[in-house]
Amino acid sequence: MTAFKSDFLNTLQERGFIHQCSDFEGLDALAAKGEATAYVGYDCTARSLHIGNYLTMMMLHWLQQSGNKPITLMGGGTTMVGDPSGKDETRAMRTVAEIEANKESIRGVFAKVLRYGNGASDAIMLDNAEWLTKLNWIEMLRDVGRHFSVNRMLTMDSVRLRLEREQEMSFIEFNYMVCQSYDFVELAKRTGCKLQMGGSDQWGNIIMGVDLGRRMGTHQLFALTTPLLTTASGAKMGKTAQGAVWLNADQFSPYDFWQYWRNTEDADVGKFLKLFTTLPMAEIKKLEALGGSEINEAKKVLATEATALLHGRDAANEAAETARRTFEEGALAESLPTVEIPRGELDAGLGVLNAFVKAGLVASNGEARRQIKGGGLRVNDAPVTDEKMALSVANLTPEGVVKLSFGKKKHVLIKPA
């Protein structure tokens, strides 16, 4: 393990954030002096960011904690183009109105882990639509495009992998790395930004920005990436049976977020405590050393600390208490995720397969049938054995809800509206 001069790189290395860096020595010297202003770009492709974005948000958090300045760059402009990285087909084109709505929905999450203001190390938020949408096409080609080698662009993973799989890449997508590279140069000129950080899939795009800065006469720029998020079993992290692990509470509740971390594989507990909590390393080392059934206590700490950081301590404690009552006492915790349905559907008889799909516990009727055959679905804690079963007002508990369960840890309440 390398001993760095800066708290920033020492912290990132100790916690497992570092994958690639363009120049460790140069970046270390800047960070040690508090001069490593850095940015991460976030495109507005959905109403919420997801767990993969949370990893780079934590990189910005530790940057700020070490006395350096973070920049969160909203991709109001680049979202109009669409990042081809990791995709086999062109992303759906979004209207300006959709992008603006997504941007507004996303903005608030950054303040959960960053401090914004006018101080030297306070975070700032910018939007690349401010400069990208004002560029003149011919000037862009002459002043920026001439610095790009198509030969080199074809070797970048975002392009090369698509072509190797014989999947078509549109001209607009091919220009994405030009836009991202130009962002880096523009931020260098506007704010003195020196570092761009991102996931390992962004390495090629970031390096192109470093090179563009050199060709266009900026100060030296640096690149730093974090590893692709995977679990100990090799699975890509951030997906559940219901879909992505979103950061907005209205798309993925604090309870679901808590439960997601509680279900972490044993071998991943230490890794995720380092990446997704701010617990001191000495405490993390004690927790990851736990074995046997004691590892479950470490998982609860992980779940509570990760949830508290994003959703607040009160929401994390409520989620932990809901889980305790549900799993340890077998009680019906009314703070479980709830889905409202028209009362008329229960009066008419709601098919059990449809009910589990509506609750988001399974993706389709077919999956519900398979789970019933395996004994995986329960209604009010009783196993479902008949796929033709219909839920009615007779199934309502004294609390006026129907409790649906998938396995031992996933529960949703159906409530007539």
With a 3.5 Å distance limit and no angle check, can you tell me whether Asn68 reaches the backbone of Phe8 through a side-chain donor-acceptor pair? no

I'd like to know if the side chain of Glu98 and the backbone of Thr95 have a donor-acceptor N/O pair within less than 3.5 Å. yes

Taking C-beta and beyond as the side chain, do Tyr42 and Thr56 meet within less than 4.5 Å on heavy atoms? yes

Check whether Asp127 reaches the backbone of Gly76 with its side chain - one donor and one acceptor, N or O, closer than 3.5 Å. yes

Under the side-chain contact (heavy atoms from CB on, under 4.5 Å) criterion, do Arg378 and Lys403 qualify, and how do the steps go? CA-CA 8 Å; Arg378 285 172 292 138; Lys403 180 183 176 186; 6.0 Å; no

Point-to-point distance, once rounded to the nearest 0.5 Å, from CG of Leu195 to OH of Tyr39: 10.0 Å

Worked verdict on Phe110 versus Tyr116 for ring-ring contact (aromatic ring centres under 6.0 Å, His included): CA-CA 9 Å; Phe110 297 106; Tyr116 286 84; 7.2 Å; no

Give a yes or no answer on whether the side chain of His219 reaches the backbone of Cys193 with a donor-acceptor pair at less than 3.5 Å. yes

Looking at side-chain heavy atoms only, is the closest gap between Arg94 and Asn102 below 4.5 Å? yes

Checking Asp268 side chain against Thr231 main chain: does a donor-acceptor pair fall under 3.5 Å? no

For Ala355 and Leu391 the tightest heavy-atom approach is CB-CD1, 3.7 Å

Could you tell me the separation between the CG atom of Leu302 and the NZ atom of Lys271, rounded to the nearest 0.5 Å? 12.0 Å

If we ignore hydrogens and angles and just use 3.5 Å, is the side chain of Thr307 paired with the main-chain N or O of Thr304 as donor and acceptor? no

Show the nearest heavy-atom pair for residues Ala232 and Glu265, with the distance to one decimal. CB-OE1, 3.7 Å

Could you go through residues 272-285 and list every donor-acceptor pair under 3.5 Å that involves a side-chain atom there, pairing it with any protein atom two or more places apart or in another chain?
residue	atom	partner	partner atom	Å
Thr277	OG1	Leu273	O	2.6
Thr277	OG1	Leu279	N	3.3

Result of checking Asn205, Val81, Val144 against Val178 for side-chain contact (heavy atoms from CB on, under 4.5 Å): Val144

Output, in order, the C-alpha distance, side-chain angles, deciding distance and verdict of side-chain contact (heavy atoms from CB on, under 4.5 Å) for Leu30 and Gln220. CA-CA 11 Å; Leu30 279 177; Gln220 184 180 352; over 6 Å; no

Using a 4.5 Å cut-off on heavy atoms from C-beta on, say whether the side chain of Phe17 contacts that of Leu55. yes

Heavy-atom donor-acceptor pair, Lys410 side chain to Leu404 backbone, under 3.5 Å: no

Before accepting this row, confirm whether a basic side-chain N of the pair Glu139/Arg142 lies closer than 4.0 Å to the acidic partner's carboxylate O. no

Please assess Arg115 against Ser121 for the test side chain to side chain donor-acceptor pair (under 3.5 Å), listing each intermediate value before the final yes or no. CA-CA 9 Å; Arg115 181 187 69 256; Ser121 63; 3.0 Å; yes

Nearest 0.5 Å, what's the CG-CG distance between Leu73 and Leu126? 6.5 Å

Residue pair Thr45, Asp43: steps toward the side chain to side chain donor-acceptor pair (under 3.5 Å) verdict: CA-CA 6 Å; Thr45 54; Asp43 278 351; over 6 Å; no

Are Lys299 and Asp266 close enough for a salt bridge, meaning some N to O gap below 4.0 Å? yes

List the atom of Val109, the atom of Leu310, and the distance in Å for their closest heavy-atom pair. CG2-CD1, 3.6 Å

Determine the minimum heavy-atom distance between Arg160 and Leu154, stating which atoms define it. CB-O, 3.4 Å

Whether Asn128 side chain and Gly77 backbone form a donor-acceptor pair below 3.5 Å: yes

With sequence neighbours excluded, tell me which residues meet side chain to side chain donor-acceptor pair (under 3.5 Å) with Thr225. Gln20

Lys194 NZ to Leu187 CG distance, which is reported to the nearest 0.5 Å: 12.5 Å

With side chains defined as the heavy atoms from C-beta onward, is the minimum distance between Gln180 and Ile206 less than 4.5 Å? yes

To the nearest 0.5 Å, tell me how far Asp122 CG sits from Lys69 NZ. 6.0 Å

Is there a side-chain contact between Gln371 and Phe356 in this structure, where contact means two heavy atoms from C-beta onward sitting under 4.5 Å apart? no

Under the criterion salt bridge (Lys or Arg N to Asp or Glu O under 4.0 Å), I'd like the reasoning laid out for Glu305 against Arg313: C-alpha separation, chi angles, the key distance, then a yes or no. CA-CA 8 Å; Glu305 292 302 316; Arg313 183 65 58 181; 3.0 Å; yes

Using the test salt bridge (Lys or Arg N to Asp or Glu O under 4.0 Å), find all partners of Asp23 that sit at least two apart in sequence or belong to another chain. none

Give the intermediate values and the outcome of side-chain contact (heavy atoms from CB on, under 4.5 Å) for residues Leu247 and Lys112. CA-CA 11 Å; Leu247 302 187; Lys112 305 291 180 67; over 6 Å; no

Within the 4.5 Å heavy-atom criterion, are Gln202 and Gln196 side-chain neighbours or not? no

Do Met59 and Leu224 have side-chain heavy atoms sitting under 4.5 Å apart? yes

Can you see whether Asp256 engages Ser253 through a side-chain donor-acceptor pair at a distance of less than 3.5 angstrom? yes

So, do Val357 and Glu367 sit near enough that their side-chain heavy atoms are less than 4.5 Å apart? no

Indicate the atoms forming the closest heavy-atom contact of Val269 with Ala298, along with that distance. CG1-CB, 3.8 Å

Could you walk me through whether Ile18 and Phe24 pass the side-chain contact (heavy atoms from CB on, under 4.5 Å) test, one step at a time? CA-CA 11 Å; Ile18 297 176; Phe24 276 119; 3.7 Å; yes

Say whether Asp183 and Thr78, considering side chains only, have a donor N or O and an acceptor N or O under 3.5 Å apart. no

Within the side chain of Thr322, is there an N or O that forms a donor-acceptor pair under 3.5 Å with the backbone of Glu318? yes

Hey, is Lys103 close enough to Glu100 for a salt bridge, meaning N to O under 4.0 Å? yes

Give the C-alpha distance, both sets of side-chain angles, the deciding distance and a yes or no for salt bridge (Lys or Arg N to Asp or Glu O under 4.0 Å) between Lys189 and Glu186. CA-CA 5 Å; Lys189 292 177 178 177; Glu186 191 70 23; 5.7 Å; no

Working to the nearest 0.5 angstrom, can you tell me the gap between Glu321 CD and Trp258 CH2? 10.0 Å

Determine yes or no for a side-chain-to-main-chain donor-acceptor pair under 3.5 angstrom, with Asn317 supplying the side chain and Asp314 the backbone. no

